[in-house]
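Computed from a prediction, not measured in an experiment: that's the story for all the values here.
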Number of protein chains: 2
Amino acid sequence: MKSTGVTIADVAREAGVSPMTVSRSLREPERVSAKSREQIAAVIERLGYVPDPAARALAAGRTNVIGVIIPSVTNNVFADVMRGIYGVIEGSQWQVQLGNSRYVAETEEALTRTFLSQRPAGLIVSGIDQTKKTRELLKNAPCRVVQIMEIGASPIDMMVGFSHSDGARAATRHLIDRGYKRPGFLAARIDPRTQRRMEGFEDVTRAAGIFDPNRILTTPAPSSAALGRDLMARLLEHAPDTDAVLCNNDDLALGAVFECLHRGIDVPNNMGICGFNDLEMMAAAYPAITSVKTYREEMGRMAATMLLQTLQGDEPEKPVVDLGYSVMARESTARKPKS
Amino acid sequence: MKSTGVTIADVAREAGVSPMTVSRSLREPERVSAKSREQIAAVIERLGYVPDPAARALAAGRTNVIGVIIPSVTNNVFADVMRGIYGVIEGSQWQVQLGNSRYVAETEEALTRTFLSQRPAGLIVSGIDQTKKTRELLKNAPCRVVQIMEIGASPIDMMVGFSHSDGARAATRHLIDRGYKRPGFLAARIDPRTQRRMEGFEDVTRAAGIFDPNRILTTPAPSSAALGRDLMARLLEHAPDTDAVLCNNDDLALGAVFECLHRGIDVPNNMGICGFNDLEMMAAAYPAITSVKTYREEMGRMAATMLLQTLQGDEPEKPVVDLGYSVMARESTARKPKS
DNA sequence: TTGACAAATGTTAGCGCTACCATTTTATTG
DNA sequence: CAATAAAATGGTAGCGCTAACATTTGTCAA
């Protein structure tokens, strides 16, 4: 039934030591004499012994599992974050266990419970909009917790992210600086982060006296390039004098660019287009597409690093890290100055 | 230390039954009287009892973990497959545990060992190019195994995929049918599946008497749209009379299209471009890009479904499923017939 | 009523490991 | 060289659950 029936007792017998010494040589080798350590290592190699994580977890009261809860496994943005997390954790003694909340708060709560029942070594959760109950569970968790993607005023424990509303503000100001007078906003699947980006857009356009709710188009459908084309088309019918769009993400921006190409609309001179996240293809597109760069892989790396630090007994320098964003100005908003 | 210190013994005491009855009511409710079942359910709810998976695994000699080994967590293709797998497994009693082999056979072997030491309920592995040792481990695994992404002659156990060389053959024939005379092939990161696509391309062009190794451009770098632009640019310098390209994947195809747009090359009339996988954005692009559609989410769904069937004691109808592919002909290869 | 049998429940033991404390061995010092 | 501390190792118990078997309770026909 077991892949290898070899137990710690077998190793101990063969090496002529007690199981306890074998156990120690695996977890705290510095507390075992060099002689025993080598003997044990040789036997482990020879017998192909692999510790049983279940037995270990039961005896030690904790696992080597780091739980990660994200709202989507397919969204490129989270894929990048995951790459960062995996990059740090792979090769260490810890293991990633992924949970997919599908943007549903109740699912997130259920996942949190499931993870906690496994006595994880640490947890990484997305965003700052947990339900009250989830927050409570995480606050009382017997492990450290890192919130990623966003930063906010009341961290549960640690936090790595950036301000989505500030990112959208900067992008909107960029459009205005480039001379666009009637900017719109396109968004799919309104999650809390989208909401805050929209607020940033509204703030800045309102302050400039050019806010117009008719130029804001949203849909609950999941984001895609096809949807970007569709939203752009609808915006052009609805408010044909719109001269720029801030898209909630890059898929939409790409679709918007394609729709303009299709209609023969001059990007950037008659339509400025800005995305959000700065996926790799934005720079490679033609015209190259302006986007708000976010540091997704770094976010994952940082979150995992902070967690590993705490697992080694250290504290991270700062419990809350703001990774910021950068507006990557490219052709799609490089409007020729008009008189 | 534990999130909830509630054990099965606590529940048993409160419900006035033995721990065994509680255990059974959780795993085989039909073997417990309705009265006990309700009582137990009420107590579980009241105390917030959650079974400890480690204790369960240790006692039962198996876990509820389904291990999935893929070569990349960030590649869209695998993200789609994962979505299919998660879709089937979420909500069931099983859990997904993801392993990332990074396209390295040794890493795959190590991951296989790690997973097997956890006594998984089942395994899903990518491709058919495992090392000999990995194959042996999987053959002797105490659980069922599904190979995905590809089909081949000697399945370890079950298999869901399609023929990459056939897909490439069909795409190449499509280019020839559309009147292209000097097709090239672009590929990044040569994995075994890329290799087989390349072979398919070579077969068909050779048979048509138009094979030219100078039109095949590859690089070990990971795939991206920027790389697609770059490869296209190099191909045009290297073999300027090339009139079509089959790209090993859609990122490259998108980049190739952008490079042509940039250079003012008429796609499809002076350059036909075909991708592979048919990611969502291919249809939304302008010009819409021809691609070989693969059924990635279905592949994940099917693999997970087959595994769950075996876990319930049934056998899947067929142990090897070929999901095929479809050439989605679009504008990027819709060349006007020349005399 | 009673035996025969099935359904429901309980008892025992142990999965493989590690925390905790006890003991032995080795190094250190006056 | 004894006294002491430090390093290395071992024994015991138990983590929370379930497999396997044992026992009790309920059902039904003769």
Whole Å only: how far is the [atom1] atom of [X] from the [atom2] atom of [N]?
X       : N      : atom1 : atom2 : value
A:Ile8  : C:dG14 : CD1   : C1'   : 17 Å
A:Asn64 : C:dG16 : CG    : P     : 18 Å
A:Asp52 : C:dG14 : CG    : P     : 18 Å
A:Ile40 : C:dC17 : CD1   : C1'   : 15 Å
A:Glu30 : D:dA7  : CD    : P     : 12 Å
A:Arg37 : D:dA7  : CZ    : P     : 14 Å
B:Ile44 : D:dG16 : CD1   : P     : 16 Å

OP1 or OP2 of [N] under 4.0 Å from side-chain N/O of [X]:
X       : N      : answer
A:Thr21 : D:dG10 : yes
B:Ser33 : C:dA8  : no
A:Arg27 : C:dA19 : yes
B:Arg62 : D:dA19 : yes
B:Ser36 : C:dT9  : yes
A:Thr7  : C:dC15 : no

Would you mind classifying the nucleic acid contact of A:Arg31 as base, sugar-phosphate or nothing, using non-hydrogen atoms under 4.0 angstrom?
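It contacts base atoms.
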
With sugar-phosphate meaning primed atoms plus P, OP1 and OP2, does A:Arg24 contact a base, only sugar-phosphate, or nothing at under 4.0 Å between heavy atoms?
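It contacts base atoms.
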
Do [X] and [Y] touch side chain to side chain, with heavy atoms closer than 4.5 Å?
X        : Y        : value
B:Gln130 : B:Ile156 : yes
A:Leu311 : A:Trp94  : yes
A:Leu26  : A:Arg56  : yes
B:Val146 : B:Leu123 : no

[X] side chain, from C-beta outward: closest of [options]:
X       : options                : value
A:Arg56 : C:dT18, C:dC15, C:dT9  : C:dT18
B:Ala60 : D:dG10, D:dG16, D:dA19 : D:dA19
B:Ala59 : D:dC17, D:dG11, C:dC17 : D:dC17
A:Met20 : D:dG11, D:dC17, D:dA19 : D:dG11

Could you check B:Lys139, B:Arg135, B:Arg144 and say which one makes a salt bridge (Lys or Arg N to Asp or Glu O under 4.0 Å) with B:Asp157?
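It is B:Arg144, the one option of B:Lys139, B:Arg135, B:Arg144 that forms the salt bridge (Lys or Arg N to Asp or Glu O under 4.0 Å) with B:Asp157.
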
Show your reasoning for whether side-chain hydrogen bond (donor to acceptor under 3.5 Å, both in side chains) applies to A:Gln118 and A:Thr63.
CA-CA 7 Å; A:Gln118 292 184 51; A:Thr63 64; 5.9 Å; no

Nearest-nucleotide wise, let me know which of B:Leu58 and B:Glu28 is further upstream toward the 5' end of DNA chain D.
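First, find each residue's nearest nucleotide; the 5'-ward one identifies B:Leu58.
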
Assign each of B:Ala55 and B:Gly16 to its nearest nucleotide of DNA chain C by heavy atoms, then name whichever residue's nucleotide is nearer the 5' end.
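Result: B:Gly16.
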
